[in-house]
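One structure is given here, and the rest of the page talks about it.
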Amino acid sequence: MSHTQRLVRLFLSSTFRDMDSEREELMKFTFPELQRRLAQRQVGFIPIDLRWGITAEEAESGQVVNICLEEIDRCRPWFLSILGERYGWIPDNLNPKMLQERFGLKEVSGKSVTELEIDYGVLNATTIDERALFYFRHSTASATVEAALVASNNNSAEPFSHAAKLDHLKQRIKARGCRLQEDYREVQTLGQLVLEELWELFDRQFPEADVPTVEQRQQQEQEAFAQSRIATYIPRQSNYDQISAHLRNATLPLVIHGEPGSGKSALIANWAMHYGSEFADLIFTHYVGSSSASDDAEQLLRRLLQTISSHFFSSDEQRDEPLPENSQQLIEIVPRWLERCSNRGRLLIIIDGINQLDSHGKAADLSWLPTEFPATVSVILSTLNDEWLTLLDQRGWPQFAVSALGEEEITAFIGQTLQPYGKKLNPLQIRAILDTPAAANPLYLKTLLNELPL
């Protein structure tokens, strides 16, 4: 299974006001535990809760259903529904023709957003997938919640006509043979039920026996790190062009530098994805900081030479000259191996975050890095504006600096970061971020957005 498949997006469907405690239990306790367990198997887990992912403007313009159904598509086949004694909000601005043409939904008038989600996510399917889970709260527990909601100033009882609609929906769910747990009473009970059922499914889909080897895991960690930078990046064509122009016209390594969090990794990952194949038959990338072992210079060289050997050398050559175990011998063979592969194809070496490397416990040590490279071997490095940059500057290698984000880039970055979670900020919230000088730093901005409540 490839890394891109080792990701679960789970859509959480329920009415809102009466299910606040359930959603809090899942988001604060159940889902973090599942994320912890899955992380041990190199699997990502993203629960999608749209409680605050829809702005008032979108609700008024009738986009709510579209947004929910689009998220369901991104999460398929993972779907989790919780129902109590509320049928939910019935929007009065539905577009039946659009919903049928775009999502295949029929008979949408008079249905709540919750029922439309369940129809589209589960009930309209030809077969019912076991990865769609339903939970019904006990009527007594729901009565207690309803009483508290009605007693509050901002809530009212569900219309009497909704009871029949809800009962019909529940009967449809049962009739289709959906995976269902009925009559839970406590939110903690729900949390445990969801934990046990989802983990049973996750354990079967991502068994422990299929956990990647050390080498596979290192490669997946590198790919995952690059993908995370690709996903949240506002492209600057001028930066792309500068990197490409250097590789066309120069043989010396290129040094990209900037302040912490300025977007060096994102620039490199995106450039490599879009343009790297133009300049190399083999691209070797190493993102220092992508894993606990990625800051070891010896391990970096070992990965590099293993990659070169498997791509450029015959099986006989690989057998006759295995990698040495001694670290000094490893360093000594690098120039020779680069020269050997130079007439067999073009090689591009990308090392991001070189300032984070540790070479035998020494800081700012470049003894492992050759000072010269064959003409068919291109090199891109990135570092902070620190002593590492000074050392690289002493080698006379060309440099360029990554600058801060502008307002349009910050706004676009916010949208890109929140979109996978089905969330948006309103204009006032965005303006508040734009007025924060530190938001021009991508790392600060991403950290800020990640701290927002799910």
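Only a predicted model underlies this, so the values are computations on that prediction, with no experimental measurement involved.
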TODO: State which residues pass salt bridge (charged side-chain N to carboxylate O under 4.0 Å, His left out) with Asp203; sequence neighbours excluded, sorted by chain then number.
DONE: Arg41

- [ ] Check side-chain contact (heavy atoms from CB on, under 4.5 Å) between Ala438 and all other residues, then give those that pass, not counting sequence neighbours.
- [x] Thr436, Tyr444

Open item on the list: Which residues pass the ring pair (Phe, Tyr, Trp, His ring centres under 6.0 Å) test with Phe29, not counting sequence neighbours?
Closed with: none

Task: Results of ring pair (Phe, Tyr, Trp, His ring centres under 6.0 Å) for Phe103 - residues two or more places apart only - done: Tyr120

- [ ] Mind checking side-chain contact (heavy atoms from CB on, under 4.5 Å) for Glu101 and listing every partner two or more places apart, or none if nothing turns up?
- [x] Lys97

Task: Sub-4.5 Å side-chain heavy-atom contact between Asn385 and Glu259 - done: yes

Task: With sequence neighbours excluded, residues passing salt bridge (charged side-chain N to carboxylate O under 4.0 Å, His left out) with Arg303 - done: none

Task: ring pair (Phe, Tyr, Trp, His ring centres under 6.0 Å) pairs, two or more places apart, involving residues 166-188 - done: none

Task: Partners passing side-chain contact (heavy atoms from CB on, under 4.5 Å) against Glu115 (at least two apart in sequence or in another chain) - done: Tyr87, Lys111, Ser112, Asp119, Leu169, Arg172

Task: Partners passing salt bridge (charged side-chain N to carboxylate O under 4.0 Å, His left out) against Glu158 (at least two apart in sequence or in another chain) - done: none

Task: With Arg204 via salt bridge (charged side-chain N to carboxylate O under 4.0 Å, His left out) - residues at least two apart - done: Glu130, Glu200

- [ ] State which residues pass side-chain contact (heavy atoms from CB on, under 4.5 Å) with Thr447; sequence neighbours excluded, sorted by chain then number.
- [x] Leu443

Open item on the list: Could you work out, with side-chain hydrogen bond (donor to acceptor under 3.5 Å, both in side chains) as the rule, every residue matching Gln356, not counting sequence neighbours?
Closed with: none

